[in-house]
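A short worksheet on the structure shown next.
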Amino acid sequence: MVCLSRASKTLKSKYAQFSHFIFIGRANNGTAPVANSCNSRLVSPYSQLGWRQNAFFCSHSCRHSIKDGSSIDLSQYPCDKIRNFSIIAHVDHGKSTLADRLLELTGTIRKGHGQPQYLDKLQVERERGITVKAQTATMFHKHNFLGSDTYFLLNLIDTPGHVDFSYEVSRSLAACQGALLVVDAAQGVQAQTVANFYLAFESNLAIIPVINKIDQPTADPDRVKAQLKSMFDLDPSDALLTSAKTGQGLEKVLPAVIERIPPPPGKSNSPLRMLLLDSYYDEYKGVICHVAVVDGAVRKGDKISSAATGRSYEISDVGIMHPELIPTGVLLTGQVGYVVSGMRSTKEARVGDTLYHCRSTVEPLPGFKPAKHMVFSGLYPADGSDFEALNHAIERLTCNDASVSVTKETSSALGMGFRCGFLGLLHMDVFHQRLEQEHEAHVISTVPTVPYIFEYSDGSKLIVQNPATLPSNPKHRLTACLEPTVVATIIIPSEYVGSVITLCSERRGEQLEYSFIDSQRAFMKYRLPLREIVVDFYNELKSITSGYASFDYEDAGYQTSDLVKLDVLLNGQSVDAMATIVHKSKAQRVGRELVEKLKKFIDRQMFEITIQAAIGSKVIARETLSAMRKNVLAKCYGGDVTRKRKLLEKQKEGKRRMKRVGSVDIPQEAFHELLKSS
């Protein structure tokens, strides 16, 4: 007992020093900007000696470790305490890593917990290391503004960087009043940096330049500042120097957002108007819509109408992304969040739609420009009986990716399927991968094509998205062929200029602009046929420039060209899924490559298979796949030669009959190879 008493006294004296800790907390009396939202903290006298407190990443942070929104009081955040901003940049300049650091800085997520690139939630994003979908997160931050400590609500939108997902960027900017333009301190201004800057500039957003990755050995911030000044006329003194990886300089980012970006311009006393930014399908809740409240307020239980469809819904849930869905019961003017309204069909949630209270009359918001589809491809189920399952999967996926167009079509070779329009080849590839990963759909995709216009002597025009619909021998004389073109922006190291000019000339390019950004990098603009860049131009460009080139393009209308339809024939029968439209000067080479590829991937049969490429009735390339042959003479050990001839003639007749009734199965690998080499 004496030993236990001594041990107890020792423990008490040992921990007596912790009685000097001060308990800091704020009562939920309505005066705090976020009621009961900050975790209570223990402040030790030893913190004066430099001991690190691991509870917080930043002393100005406000952590919300909550499962529901009962402790978040959004009424404490009027418009002047809200900032909506997005992060825009070229591919791999550190957007998602910067978003991670800002979420940690504000206590929205715990440092060291969760996966890197926290907002990249799709499996395809994790595998490829790129951002495909714009993601929103709401943060709370305390800042000394105009002489007093004020809590601000910050809505961050992390955007994709690849040119194929520029539609996602444009939709994200519609909900923002400012943008962080992130530039790699080593690579400098790239092609997509230019494109995203002008997207933000045309939207009249406040732009804050952020020079990232300054911890790299090859970083040259002064050179990047000079590029920002020469290309965008941005003041070099406004640029923030940061390293999202190490955290260096990040303490200046959020104060700059609060001080330089204006608050949302909405009117809280006006009738409700919400802009539908994005949507996705949940098996239990139905369609979940991401919205920006432009005017008024929306609460749980409100009845709203859609300006696009005229249908009415009742709000069953409303809240913010923090960064997961946190119900708050209300969204006020200028805030970005989500609503669940009982929509069951993905066709009801139209991106860019205006949602408003029933029995009120409002002016619809401008919405978004319709997506400009650059590439078209056919999608068919690998098994014909899976058509309905594929239809269901595509309908669910297009709810989350509004930039894809879908129409049904039928192919004599592949059966029923869909003709889909995409913003680019990577967009198409990602869509296919998401179909397989998220919906377990097995699909065959046809060779990607671009939309052409054909004019005939009778004055009619034919817009062709599927080459199979173009007649090989039309009734009227063809007077003009028009193909889509793009203006391509290419930024490369100066030593690769000659190789890039040669590549663009081979692809029928016309040089529009050629200048030097600085002593080491060249800036080029070319007008190129979209058909020439849609498959492998970017890979070729990266290859000849050792990976240093950056590439971006925008639509430039149609131009007259000499085009022909190239058909692929198997045993004289046209395979409509493999038809393509090419320039006449390249038809011979493309046709020979197609038939050589097919010969490698089509299985041999018991009869001979002829593979031909033809323009109209003229065959320009041919390969023959010889028949598998049984040795019918094996049982003949001698005898007259007429006996052997009789057996061979009988075999020959049987193969001729098999060729008439036999069918050639084209494996999925053949379509994939044609996709890579077309």
Side-chain angles (χ1 to χ4, degrees), residues 33 58 60-62 74 76-89 93-95 98-99 101-103 105-106 108 119 134-159 169-183 193 196-212 228 232-242 244 249-268 275 277 292-295 320-321 323 331-337:
C58 175
H60 294 289
S61 304
C62 184
L74 293 183
Q76 300 293 333
Y77 297 96
C79 281
D80 60 337
K81 294 183 180 179
I82 298 174
R83 299 292 185 270
N84 299 323
F85 69 100
S86 63
I87 304 178
I88 55 176
H93 277 203
K95 295 181 302 300
L98 178 61
R101 298 293 86 80
L102 295 181
L103 291 173
L105 190 67
T106 56
T108 308
L119 294 180
Q135 297 289 348
T136 305
T138 299
M139 307 178 293
F140 299 91
H141 183 68
K142 186 170 74 172
H143 175 63
N144 192 324
F145 188 66
L146 300 177
S148 63
D149 286 344
T150 307
Y151 280 92
F152 286 85
L153 186 151
L154 308 176
N155 287 311
L156 159 70
I157 302 179
D158 182 24
T159 62
V169 179
S170 65
R171 286 193 294 138
S172 303
L173 296 181
C176 299
Q177 286 74 49
L180 298 179
L181 180 67
V182 180
V183 184
T193 312
N196 285 337
F197 169 81
Y198 284 111
L199 277 176
F201 184 75
E202 290 167 4
S203 302
N204 295 317
L205 301 188
I207 298 173
I208 302 175
V210 177
I211 300 176
N212 195 25
L228 292 172
F232 308 134
D233 197 26
L234 294 175
D235 189 346
S237 62
D238 291 340
L240 305 177
L241 302 181
T242 66
L250 289 182
E251 68 278 358
K252 299 177 183 178
V253 175
L254 292 179
V257 167
I258 292 170
E259 292 168 6
R260 298 192 207 174
I261 294 177
K267 300 176 182 177
S268 57
L275 181 65
L277 301 174
V293 181
V294 178
D295 295 318
I320 59 175
M321 284 77 76
L331 280 178
L332 305 175
T333 306
Q335 296 173 358
V336 177

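Atoms considered below: every heavy atom in the structure, side chains included; atoms not considered: hydrogens, waters and symmetry mates.
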- Considering non-hydrogen atoms only, spot the tightest contact between I211 and A239 and give its length. CD1-CB, 4.0 Å
- Task: Working to the nearest 0.5 Å, report the span between NZ of K95 and CG of N196.
- Result: 8.0 Å
- Task: Please report the closest heavy-atom contact between L275 and A174, naming both atoms and the distance.
- Result: CD2-CB, 4.3 Å
- Any side-chain heavy-atom pair of L156 and M139 under 4.5 Å: yes
- Task: Could you give me the CA-CA distance, side-chain angles and deciding distance for L154 and I258, then say whether side-chain contact (heavy atoms from CB on, under 4.5 Å) is met?
- Result: CA-CA 9 Å; L154 308 176; I258 292 170; 4.1 Å; yes
- Message: So does K142 get a backbone contact from the side chain of D149, meaning a donor-acceptor N/O pair under 3.5 Å?
- Response: no
- Message: Quick check against the 3.5 Å criterion: does R260 have a side-chain atom that pairs as donor or acceptor with the backbone of I208?
- Response: no
- Task: Search all heavy atoms of C79 against all heavy atoms of P264 and return the closest pair with its distance.
- Result: O-CD, 3.7 Å
- Item | Student check: side-chain heavy atoms of L277 and V336 closer than 4.5 Å | yes
- Taking the side chain as C-beta and beyond, is there a heavy-atom pair between V257 and H141 under 4.5 Å? no
- Query: Atom CG of L181 and atom CG of L205: how far apart are they, to the nearest 0.5 Å?
  - Reply: 11.5 Å
- Query: Can you find a pair of side-chain heavy atoms, one from I88 and one from L173, that are under 4.5 Å apart?
  - Reply: yes
- Answer yes or no: is there a side-chain heavy-atom contact under 4.5 Å between T108 and P323? yes
- Mind listing the closest non-hydrogen atom pair of P209 and L228 along with its distance? CB-CD1, 3.9 Å
- Item | ring-ring contact (aromatic ring centres under 6.0 Å, His included) evaluation trace for F232 with F201 | CA-CA 10 Å; F232 308 134; F201 184 75; 9.5 Å; no
- Task: Enter the distance from Y77:OH to T138:OG1 here, rounded to the nearest 0.5 Å.
- Result: 10.5 Å
- Does any non-hydrogen side-chain atom of F152 lie less than 4.5 Å from one of L254? no
- Can you tell me how far the CG atom of N155 sits from the CE atom of M321, to the nearest 0.5 Å? 7.5 Å
- Nearest-0.5 Å distance that lies between atom CG in L240 and atom CD in E251: 10.0 Å
- Please lay out, stage by stage, how H143 and E259 fare under the test side-chain contact (heavy atoms from CB on, under 4.5 Å). CA-CA 10 Å; H143 175 63; E259 292 168 6; 3.0 Å; yes
- Message: Show the nearest heavy-atom pair for residues A137 and L103, with the distance to one decimal.
- Response: CB-CD2, 3.8 Å
- Message: Set out, in order, the CA-CA distance, both residues' side-chain angles and the distance that settles side-chain contact (heavy atoms from CB on, under 4.5 Å) for L153 and F140, then state yes or no.
- Response: CA-CA 5 Å; L153 186 151; F140 299 91; 3.8 Å; yes
- Check: T159 side chain, I87 main-chain N or O, donor-acceptor pair, under 3.5 Å: yes
- Message: Please report the interatomic distance CD(Q76) to OG1(T150), rounded to the nearest 0.5 Å.
- Response: 12.0 Å
- For side-chain contact (heavy atoms from CB on, under 4.5 Å), just list the numbers for L332 and I82, CA-CA rounded to whole Å, side-chain angles, deciding distance to a tenth of an Å, and then say yes or no. CA-CA 11 Å; L332 305 175; I82 298 174; over 6 Å; no
- Message: Looking at N84 and Q177, would you say the former's side chain and the latter's main chain have a donor-acceptor pair under 3.5 Å?
- Response: no
- All heavy atoms of H93 vs all of A89, minimum pair found to be CB-CB, 4.1 Å
- 4.5 Å side-chain heavy-atom contact, L250 and L98: yes
